[in-house]
Amino acid sequence: MQNLELTDNEKKMLHGEMGGAKQKAMEILVALGKIYCAERMIRISSAQIAGVSYKTIGDAGLEYLEHMAALEGRVEVPAFLNPAGMDTERWEEMGFPEHFAKKQIEILDAYSTMGIKPTCTCTPYHIGIRPGEGEHIAWSESSAVSFANSVLGARTNREGGPSALCAALTGVTPMYGLHLKENRVAKLIVDVEGKLENRTDYGLLGLLVGKEAKGKIPAFRGIPAGENELKYLGAAMAASGSVPLYFVENATPEWNVAEDARHITVTQKEMDWMKEKLNDEEDADLITVGCPHASLPELEEIAALLERKPAKKPFWVCLSRGVKEVAVEKGLAERIEKNGGKLVADTCMVVAPLEEMGFGTTAVDSGKAATYLPTMCRQKLVFGKLKEILWK
Ligand code: F3S
């Protein structure tokens with residue numbers, strides 16, 4: 001087994017000289033480092049921590065967080081949260097269960113005691129948190145990891161919620177995996193014959209390629225893609241194949257492809273097949289978009305669509321509170337809400353307790369949401385692009 005060298009400061013943390021929480025955090029990071037044969041720790045510039053919704057972490061998670069906060073765990077680097085299980089301001093009006101809300105507030109309080117910002121979003125990059133190329137970070141939500149690695153060129157492994165918390169409390173993470181340039185090499189080249197006209201198409205492509213990737217980093221040739229499209233592509237690959245990094249020719253900062261990379265072509269027929277497979281029902285009780293959390297340009301598109309024809313069913317637009325605040329200032333929130341949409345901040349359709357709130361069929365336009373809603377929320381699906389699901 002590789003020897004893991006620690007600095008004097010890291011040793012002090014490990015030996016409990018800097019408090020109980022840092023000691024526990026360092027014990028976990030050292031164990032991880034040994035498992036993955038890291039030679040040393042690397043300093044990180046930020047941590048993004050998943051494991052925030054009461055629905056996903058339950059009472060055991062809450063107890064763990066309160067314990068770490070009571071041990072005087074305080075962050076060493078900027079750290080921020082993944083979505084919680086509810087809109088922290090509108091939960092009552094929206095019908096979130098009271099017992100759930102109480103526990104959710106306790107979780108957010110524990111994180112805040114440790115100095116972690118309640119950004120509650122999987123798209124920190126839409127609110128100005130954008131690590132630069134080559135910057136080491138410890139992020140944990142799978143679509144955020146994919147975006148940071150691929151679109152921004154930062155370096156992170158796909159952390160679990162607890163390991164990202166440990167990294168936040170110590171300011172370091174073991175140097176292995178995607179922190180090392182030699183591991184950031186694509187072994188799957190992807191050409192696309194199917195049409196890529198909107199985020200739903202990118203989600204379908206991502207679901208298909210994620211299943212093919214089987215632990216390999218994919219490299220796409222010749223696809224047109226801006227940041228929003230890449231967000232949906234990466235999120236879907238992360239959901240269907242745990243892909244933490246991908247390259248797109250002439251779009252992502254890195255393009256490293258192995259000489260012996262395997263080659264696949266995704267056809268329109270395969271994309272149509274996937275779309276059909278994701279449709280269980282004709283009609284939904286709830287329409288949701290914003291997986292990953294919506295950006296301002298997406299809100300512009302939604303506002304314009306609703307002005308043509310308002311939503312007739314509950315329609316959630318999931319987003320960060322930071323983006324919502326700008327949307328309110330710009331008048332976008334009003335344009336969406338007066339035409340039947342609801343801006344739902346701090347949470348999303350997957351980590352909210354939809355099943356407890358009486359919803360059984362949800363319409364989505366995102367490959368990632370379509371992957372998780374049946375298992376995590378016991379939902380049947382209607383899947384399609386926004387225009388299709390909005391006015392069905
Ligand atoms: Fe974000 Fe929730 Fe989707 S955390 S990526 S909106 S499942």
Side-chain angles (χ1 to χ4, degrees), residues 48-57 80-88 96 104 107-108 111 118-127 129 139-151 156 158-161 164 199-200 202-203 206-207 210 227-244 246 278 286-295 298-299 302 315-324 342-355 359 362-379 381 383 386:
Q48 190 259 357
I49 299 165
V52 184
S53 170
Y54 177 60
K55 172 171 165 168
T56 56
I57 68 168
F80 28 86
L81 291 180
N82 209 38
M86 64 183 194
D87 186 311
T88 57
F96 282 80
Q104 187 61 70
I107 290 170
L108 293 173
Y111 276 125
T119 47
C120 297
T121 184
C122 51
T123 58
Y125 45 88
H126 287 329
I127 51 169
I129 302 170
W139 287 20
S140 54
E141 196 282 319
S142 67
S143 76
V145 165
S146 165
F147 193 94
N149 269 323
S150 314
V151 183
T156 180
R158 181 177 171 177
E159 300 292 344
R199 54 181 172 263
T200 309
Y202 281 86
L207 291 179
E227 274 202 3
N228 263 322
E229 290 76 25
L230 294 178
K231 172 173 88 166
Y232 284 90
L233 175 68
M237 285 193 288
S240 71
S242 300
V243 174
Y246 62 92
L278 293 175
L286 171 69
I287 303 164
T288 64
V289 294
C291 173
H293 274 174
S295 62
E298 289 172 272
L299 297 184
I302 293 165
F315 174 35
W316 291 10
V317 181
C318 301
L319 76 179
S320 63
R321 187 153 299 281
V323 167
K324 180 175 173 181
K342 190 173 267 300
L343 296 188
V344 181
D346 314 314
T347 187
C348 78
M349 65 296 275
V350 170
V351 296
L354 287 194
E355 64 284 26
F359 298 113
T362 299
V364 290
D365 66 349
S366 146
K368 176 165 179 180
T371 305
Y372 289 118
L373 279 169
T375 49
M376 285 186 62
C377 303
R378 298 199 299 273
Q379 296 297 294
L381 292 180
F383 181 86
L386 182 53

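Position 1 is the first residue of the sequence, and the numbers go up from there. Note that ligands are numbered from 1 as they come in the structure, with each ligand's atoms numbered from 1 the same way.
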If only atom types and distance count, is the side chain of [X] paired as donor or acceptor with the main-chain N or O of [Y] below 3.5 Å?
X: H293; Y: V317; value: no
X: S53; Y: V351; value: yes
X: N82; Y: E141; value: no

Original post:
What pairs with S150 under side chain to side chain contact (heavy atoms under 4.5 Å, CB included), at least two apart in sequence or on another chain?
Top reply: S146, L245, Y246
Subject >> Test applied, side chain to side chain contact (heavy atoms under 4.5 Å, CB included); reference residue, V323; option that passes from L343, T123, I127 >> reply: I127
**OP:** Have a look around atom 1 (Fe) of ligand 1 and list protein N/O/S atoms under 2.8 Å, or say none.
**Re:** C122 SG
Original post:
Nearest heavy-atom pair of L373 and L354: which atoms, and what distance?
Top reply: CD2-CD1, 3.9 Å
